[in-house]
Student: 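Before I ask anything, here is the structure I am working with.
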Amino acid sequence: MTTDASPPPTSPAPPPAAAAADAKKERIVTKPVPPPAVTTAYLLLRGTIAGILGCPIGGSPSATASLLQPTYLKDPYPSGKFSFALGKKQGTLCALPVPDTEEGQEKFYDRVEREVNYWIEGKKKVRVCERDRKKIVEEQKVILDDSLYKLPKKMTDDNKMLRIAVVEGLIVGAVEGPVVAFTDLVGKIVLERQYCHVTAGKNARKCDIVIKFRLEQQGHDNGDEKNDGKQVALVEDMDDDVLVQEYLEPLIHSTIRLQEGRLYQKEIQEEEMALAARAMSIQDDVNSTNPNGANQTSENNEMIVNAFEVKGKIDYNKLVDNFGSKLIDAELLERIERLTVGRGTVPFLHRFLRRDIFFSHRDMVKICECLEQNKPFYLYTGRGPSSGAMHLGHLVPFMFTQWLQQAFQCPLVIQMTDDEKFLFKGVYDEETGDNLDYFAHLTMENAKDIIACGFIPEKTFIFSDLQYVGTMYPTIVRIWKSVTTNTVNGIFGFDGSANIGKIAFPAIQAAPSFPSSFPRVLGTGKESVNMACLIPCAIDQDPYFRMTRDVAHKLVPKDHPLGGKPALIHSKFFPPLQGAEGKMSSSDENSAIFLTDTEEIIEKKIKEYAFSGGQETKKLQQELGANLDVDVSYQWLRFFLEDDDELAQIGKDYSTGSGEFWSTAKVKARLVEVLKETVGDHQARRRSVTNEVVLDWMKERLIV
């Protein structure tokens, strides 16, 4: 009998590469769980930044906080680092601009530190609940950091549930580790500013804030979870409605929620007031040169743009800088097109947008957000009736507003400021009395011109201030209470000689910016009182609404999508016949084409009065071509000729002195054809608008 004592056969050893691969497969990578105090500090800072700047606490991969970086592993103290994406430029997702200067950023860090430590010292309770991870990822991404947007490849019992931490009024956020039970257990938060960074600017492709912080703790466990559980928040049952409606809903809007944010807003308002006062009279510092080479330095170079006067050569870029609005860029234009043409409400973008005639805005991005989120808003425009017939310059904002209403399918309110015209232009005669009734009559006549523009009757409300002001009065009173006389005088240039009505009127023009002015027209439900407002107007009307925006937060609910501020979209001025400077005026009959002019009068005015940018002789015209920038006929074609290709051809021919439209006469003849058709069509529609029709449009009725 023999015994086989030899070892069992073995497989050959795997090659080194295979062994490494096996080892890699076996390796399990786990994310470190931060100390409870660090996780809580991270959440508090997220809520503080969002609450100060007035942005949602999150919402999409491009608008949320990054994963907390575990700097506490290397630092000899509790610390953390993360970034917060806020859109583009100076925070397109924020109610307030993210500062883009070093001084402004230092002030911002100060605000964050003060606010977050205020919440810590307040010993606020931190509540914790659990929710199904898949449901949160699909329905409530706003509470996630960007590391949690994707579901795990394999769902297990260990990762199925997600822990949610809540500090009421500040933050609702998903966490993957424990948090402290009360905010004071975090200790003092200090920003390590040498590692903090802000990316922001008017041309920045992204806007974000990088925050590095440390904790200074006394009498605590230095951030570690080395306690009996009393310092760590325990998971509790929490109803879905409580979590979403009571805690989450107030934090997902672009609204300023914290005291430091309100102080920052006040600082911005004071700066805007100073700018507004200076912007009332702007000296154009660029001298033009006349044909003989001499410098022109007198009145032609002086630009004055305010609510009551427009003259001189207009530098629109300077206006935007001085007024503090923003240019409509290609990205915004594409977004508007997607939300209008893309939805099939209009066939193409309005030529005023395509040609940079409506060129500037305030918060148009947030109006686009309302559209994308199916939140209601309304349009507001107006007319100060100063003549029996409107002219083409008056028609421009109404043509564009008509397109906006069709494109957005939204309600529209049109204010007829007959009171303003009386206050500024009314007269008194010892025998006949004043002429207030005359301006009330002009309201009816101008309203006929407006109705003939083609607005949607069931979505449009026209009102006379003289008749409707009582309904708006509570809103007007609140505006009066919020704005000082010094502010109004500074913005509009009033002095002791102004009648008290002039000083009071800006609040009356501001009031329609708020849905509370239209309880029977826009409704009184929650959606109605929170409606945003978009105002299409010429840029000289902007001072009224800068004042309005400064106090708007006092007149609306806290969750208003724009913080109560009306959004604006500004047009350039329609030039008078005598030259492409200033704007058309009713007071000079030969500077304007009126909507009552006959075809013969239109042709006569264009041929005799339209300033030409062409040369004096045929030879010079063919050699040098025309100056399109000053040629009124070409500029008017930019407003009224729909065909882009034809306009481009006319511009090419005229500027080079060649082709079909080589001469001033040819261009003027084409303009006459276009204007005859435009005015003729309007006159045909107006003929069917009677006084009774106007009164129907002025009836208070629900238009939403």
Side-chain angles (χ1 to χ4, degrees), residues 265-266 268-284 302-312 314-327 358-364 380-384 386 393 397 415 417 419-421 423-425 465 475-476 479-480 482-495 498-514 533-555 562 564-573 582-583 585:
Q265 182 185 42
K266 184 178 180 182
I268 293 171
Q269 290 169 356
E270 290 171 351
E271 292 174 359
E272 287 182 349
M273 289 296 187
L275 279 174
R278 291 197 297 269
M280 291 301 98
S281 180
I282 306 167
Q283 177 70 41
D284 184 6
E302 184 181 5
M303 176 173 72
I304 296 177
V305 177
N306 58 49
F308 312 113
E309 182 181 17
V310 175
K311 71 176 185 179
I314 309 301
D315 183 337
Y316 288 103
N317 287 329
K318 180 175 285 189
L319 272 183
V320 167
D321 287 342
N322 279 277
F323 282 6
S325 60
K326 296 180 180 180
L327 293 173
F358 272 81
F359 73 108
S360 164
H361 75 100
R362 293 183 186 273
D363 282 338
M364 190 64 198
Y380 158 40
T381 192
R383 162 83 181 127
S386 58
Q415 180 183 41
T417 57
D419 54 343
E420 174 207 20
K421 289 305 177 184
L423 291 169
F424 283 82
K425 295 187 176 183
D465 280 350
T475 303
I476 293 168
I479 298 170
W480 282 336
S482 303
V483 181
T484 66
T485 305
N486 286 341
T487 296
V488 173
N489 291 345
I491 293 175
F492 299 100
F494 298 139
D495 56 28
N499 64 61
I500 59 175
K502 289 183 179 181
I503 297 170
F505 176 75
I508 298 173
Q509 182 157 324
S513 308
F514 303 98
C533 175
L534 172 62
I535 304 171
C537 62
I539 196 167
D540 61 328
Q541 295 301 296
D542 188 74
Y544 281 105
F545 301 109
R546 288 202 301 277
M547 179 203 77
T548 309
R549 287 166 58 87
D550 287 342
V551 301
H553 62 285
K554 298 181 179 180
L555 284 88
L562 275 73
K565 295 181 179 181
L568 292 97
I569 184 165
H570 301 125
S571 74
K572 296 178 179 177
F573 302 119
K583 70 174 183 177
S585 171

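Since this is a predicted model, take the numbers as computed values, not measurements. Computed over heavy atoms, backbone and side chain alike; hydrogens, waters and symmetry mates excluded.
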Student: For K326, enumerate each residue passing the salt bridge (charged side-chain N to carboxylate O under 4.0 Å, His left out) test, keeping only those at least two apart in sequence or located in another chain.
Tutor: none
Student: Rounded to the nearest 0.5 Å, what separates atom OG1 in T381 from atom CD1 in I569?
Tutor: 12.0 Å
Student: Specify whether F424 and F494 have parallel, tilted or perpendicular ring planes, treating 30° as the upper limit for parallel and 60° as the lower limit for perpendicular.
Tutor: tilted
Student: Can you name the nearest heavy-atom pair linking T417 to G384, along with the distance?
Tutor: OG1-CA, 3.1 Å
Student: Could you please spell out the steps behind the side chain to side chain contact (heavy atoms under 4.5 Å, CB included) verdict for R362 and D542?
Tutor: CA-CA 10 Å; R362 293 183 186 273; D542 188 74; 2.9 Å; yes
Student: Can you measure from CG (D419) to NZ (K421) and round to the nearest 0.5 angstrom?
Tutor: 10.5 Å
Student: Taking all heavy atoms of L562 and all of A567, pick out the closest pair and write down the distance.
Tutor: CD2-CB, 3.9 Å
Student: Quick one: list whatever passes side-chain contact (heavy atoms from CB on, under 4.5 Å) with H553, sequence neighbours left out.
Tutor: Q265, Q269
Student: Answer whether the closest heavy-atom distance between the side chains of F573 and I539 falls below 4.5 Å.
Tutor: yes
Student: Which pair of non-hydrogen atoms, one from L555 and one from V551, has the smallest distance, and what is that distance?
Tutor: CD1-O, 3.4 Å
Student: Side-chain contact test, heavy atoms from C-beta onward, threshold under 4.5 Å: evaluate it for Q509 versus Q541 and give yes or no.
Tutor: yes
Student: When rounded to the nearest 0.5 angstrom, what distance separates CG in L534 from CG in L568?
Tutor: 7.5 Å
Student: Are any of the side-chain heavy atoms of I508 and Q415 separated by less than 4.5 Å?
Tutor: yes
Student: Please list, chain by chain and in numerical order, all residues satisfying side-chain contact (heavy atoms from CB on, under 4.5 Å) with S571, sequence neighbours excluded.
Tutor: F358, A538
Student: Is the NZ or CZ atom of K572 both under 6.0 Å from the centre of the six-membered ring of Y316 and within 45° of that ring's axis?
Tutor: yes
Student: For the NZ atom of K565 and the OG1 atom of T548, what is their distance to the nearest 0.5 Å?
Tutor: 11.5 Å
Student: Output all residues satisfying ring-ring contact (aromatic ring centres under 6.0 Å, His included) with F505, sequence neighbours left out; order by chain, then residue number.
Tutor: none
Student: Applying salt bridge (charged side-chain N to carboxylate O under 4.0 Å, His left out), can you list everything that pairs with D363, at least two apart in sequence or on another chain?
Tutor: R549
Student: Identify the heavy atoms of L423 and G501 that sit nearest to each other, and give their distance.
Tutor: CD1-O, 3.5 Å
Student: Quick one, L327 and N317 - any side-chain contact, counting heavy atoms below 4.5 Å?
Tutor: yes
Student: Judged by modelled atom types alone, do S325 and S360 share a side-chain donor-acceptor pair under 3.5 Å?
Tutor: yes
Student: If you define the side chain from C-beta out and look only at heavy atoms, does anything of Y380 sit under 4.5 Å from P566?
Tutor: no
Student: To check you understand the geometry: which heavy-atom pair defines the closest contact between P506 and M547, and what is its length?
Tutor: O-CE, 3.8 Å
Student: From R383 CZ over to E420 CD, what is the distance, rounded to the nearest 0.5 angstrom?
Tutor: 10.0 Å
Student: List in chain and number order the residues that pass side-chain contact (heavy atoms from CB on, under 4.5 Å) with A507, two or more places apart in sequence or in another chain; answer none if no residue qualifies.
Tutor: I476, I479, W480
Student: So which atom in I535 and which in S513 form the shortest heavy-atom distance, rounded to 0.1 Å?
Tutor: CD1-OG, 3.8 Å
Student: As an exercise, state the distance from OH of Y544 to SG of C537, rounded to the nearest 0.5 Å.
Tutor: 11.5 Å
